[in-house]
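The first residue in the sequence is number 1, and the count goes up from there.
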Amino acid sequence: MTASPRFTRRTITDQVTEDLRARILTGDFPAGYQLRQDAIAGEYNVSRIPVREALQRLDAEGLVSFQPHKGAIVSQLSLDEIEELFEVRKLLECDLLRHAVPRLTPADLKSVEDILMVYDEAFRSGDVSKWGELNREFHDRLYRASNRPKTLEIVRMIGNNTVRFTQAQLALSGATDRAEREHHQIFDACKAGNVEEAVELLANHIQSSADSLMDCLRKARE
C-alpha cells in the first residue's frame with residue numbers, strides 16, 4: 001500500500017477520488033478488490049463521508065461497482081465488455097480526430113509533441129507505471145481541438161476503464177516499439193494536416209492494440 005497523501009487546496013473528496021482513481025488505474029487496487037470505506041478513511045485520516053462520495057464518483061466513471069453484501073469493489077470487465085469498449089473507442093476517437101486535425105494550432109501541436117517526448121522516455125526507461133496514463137494523455141491532447149466536449153467526456157470515461165488493461169498489454173506483449181512508432185506516425189499526419197491519413201492510422205492503432213490485448217487476456221484467463 002502507498003503512503004497516505006497530504007490533502008491541501010482541493011476538497012478532501014476531490015483528493016480522495018483522484019488518489020483512489022490513480023491506485024485503481026495503476027493496479028494497486030486490482031479488479032475485484034473490495035474497497036472498505038472504514039479502512040480507506042482510516043488510511044487517509046478522514047471521515048467516511050468523503051470516502052463514500054469518492055466511491056460514488058468512481059462508480060459513475062465505471063471504475064467501481066457496488067454489490068450487495070460486499071459494498072464497493074473495483075470493477076471487473078468480461079472479455080466481451082473490454083472488446084466492446086475498444087470498438088466504441090475506435091468509433092468516437094476517429095470522429096474526434098477528424099474534427100480536431102483542421103483546428104490544431106502550433107501551440108496544440110507543441111503540447112502533443114511534449115507529451116510524446118515524455119512517453120518516449122517512459123518507454124525507453126521501462127517505466128511501466130506511466131505507460132497507460134501517458135498513452136491516454138497523448139490521445140487526449142490531440143482530441144481537445146475537436147470542439148466536441150461531450151464526445152471527449154465519453155472517451156475519457158471509456159479511457160478510465162481501459163487504461164489499466166492497455167498498460168498491462170504493453171508490458172505483457174512487448175509491443176512498446178510498435179506503439180511508439182504508431183504514435184509518431186499519427187502525430188506526423190496531424191502535423192501535416194492530413195486528416196484521412198491521421199484517422200486511418202488511428203483506427204489501425206486502436207484495433208491493433210485491442211487485438212493484442214484480447215490475445216493477452218484470453219491466454220491469461222485460460
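Side-chain contact check for His184 versus Asp120: some heavy-atom pair is nearer than 4.5 Å. Residues Glu200 and Asn204 form a side-chain contact, since some pair of their non-hydrogen atoms from C-beta on lies under 4.5 Å apart. In this structure, the side chains of Cys190 and Leu97 come closer than 4.5 Å at one or more pairs of heavy atoms. Looking at Val199 and Val101, their side chains never come closer than 4.5 Å, going by heavy atoms from C-beta outward. Side-chain contact between Asp19 and Arg23: present, with at least one pair of heavy atoms (C-beta onward) separated by less than 4.5 Å. In this structure, the side chains of Gln185 and Asp188 stay at 4.5 Å or more apart for every pair of heavy atoms. Using a 4.5 Å cut-off on side-chain heavy atoms (C-beta onward), Arg89 and Val155 make no contact. A heavy-atom distance below 4.5 Å is not found between the side chains of Leu92 and Tyr143.
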Show, in sequence, the C-alpha distance, side-chain angles and deciding distance for Val16 and Thr13, and conclude whether the side-chain contact (heavy atoms from CB on, under 4.5 Å) test is met.
CA-CA 5 Å; Val16 171; Thr13 299; 5.9 Å; no
Apply side-chain contact (heavy atoms from CB on, under 4.5 Å) to the pair Leu109 and Phe187, showing each step before the final yes or no.
CA-CA 8 Å; Leu109 291 168; Phe187 174 72; 4.1 Å; yes
Could you go step by step and tell me if His99 and Thr151 meet the side-chain contact (heavy atoms from CB on, under 4.5 Å) rule?
CA-CA 11 Å; His99 285 83; Thr151 305; over 6 Å; no
For Asp108 and Thr105, run side chain to side chain donor-acceptor pair (under 3.5 Å): C-alpha distance rounded to whole Å, both residues' side-chain angles, the deciding distance at 0.1 Å, then the answer.
CA-CA 5 Å; Asp108 293 329; Thr105 67; 3.1 Å; yes
side-chain contact (heavy atoms from CB on, under 4.5 Å) for Phe138 and Val112? Distances and angles first, verdict last.
CA-CA 6 Å; Phe138 166 74; Val112 176; 3.6 Å; yes
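Between the Gln37 side chain and the Val51 main chain, no donor and acceptor come within less than 3.5 Å of each other. In terms of modelled atom types and a separation under 3.5 Å, the side chain of Asp59 and the main chain of Leu55 share no donor-acceptor contact.
Nearest heavy-atom pair, Ser75 versus Ala31, reported as atom, atom and distance to 0.1 Å: O-CB, 3.6 Å. When every heavy atom of Val64 is checked against every heavy atom of Ala72, the shortest pair comes out as CG1-CB, 3.7 Å.
Glu87 CD: more than 12 foreign heavy atoms inside a 6.0 Å radius. For Arg103, the CZ atom counts as densely surrounded, since its 6.0 Å shell holds more than 12 non-hydrogen atoms of other residues, nucleotides or ligands. In Gln34, the CD atom is crowded: over 12 heavy atoms of neighbouring residues, nucleotides or ligands sit closer than 6.0 Å.
A single hydrophobic cluster is seen to contain both Phe29 and Phe66, as judged by linkage of ILVMFWY side chains at heavy-atom distances under 4.5 Å, directly or through other members. In terms of hydrophobic clustering, with Ile, Leu, Val, Met, Phe, Trp and Tyr side chains grouped at heavy-atom distances under 4.5 Å, Ile12 and Ile49 are assigned to different clusters. Residues Ile158 and Leu79 share a single hydrophobic cluster, defined by chaining ILVMFWY side chains whose heavy atoms lie under 4.5 Å apart. Ile73 and Ile40 sit in two unconnected hydrophobic clusters of ILVMFWY residues. Membership requires side-chain heavy atoms under 4.5 Å apart, directly or through other members. Met157 is not connected to Ile82 by any chain of hydrophobic side-chain contacts under 4.5 Å among Ile, Leu, Val, Met, Phe, Trp and Tyr, and they are in different clusters.
Rounding to the nearest 0.5 Å places CG of Leu116 at 10.5 Å from CG of Asn135. Atoms OG and CG, on Ser111 and Leu142 in that order, are 9.0 Å from each other to the nearest 0.5 Å. The CG atom of Leu202 sits 12.5 Å away from the CD atom of Glu197 when rounded to the nearest 0.5 Å. Of the inter-residue distances, the one linking Glu18 atom CD with Leu58 atom CG reads 10.5 Å to the nearest 0.5 angstrom. Note: Arg136 CZ to Tyr119 OH = 12.0 Å, rounded to the nearest 0.5 Å. Once rounded to the nearest 0.5 Å, the distance linking CZ of Arg148 with CZ of Arg98 reads 11.0 Å.
In this view, Glu137 and Arg141, Arg144 satisfy the salt bridge (Lys or Arg N to Asp or Glu O under 4.0 Å) rule, not counting sequence neighbours. Evaluation of the side chain to side chain donor-acceptor pair (under 3.5 Å) rule for Thr17 yields no partner, not counting sequence neighbours.
Residue pairs meeting the ring-ring contact (aromatic ring centres under 6.0 Å, His included) criterion with at least one member in residues 194-217, sequence neighbours excluded, are His139-His205, His183-His205.
Residues Asp14 and Arg57 are paired through a salt bridge, judged by an N-O separation under 4.0 Å between the basic side chain and the carboxylate. Here Arg156 does not pair with Glu153 in a salt bridge; the nearest charged N to carboxylate O distance is not below 4.0 Å.
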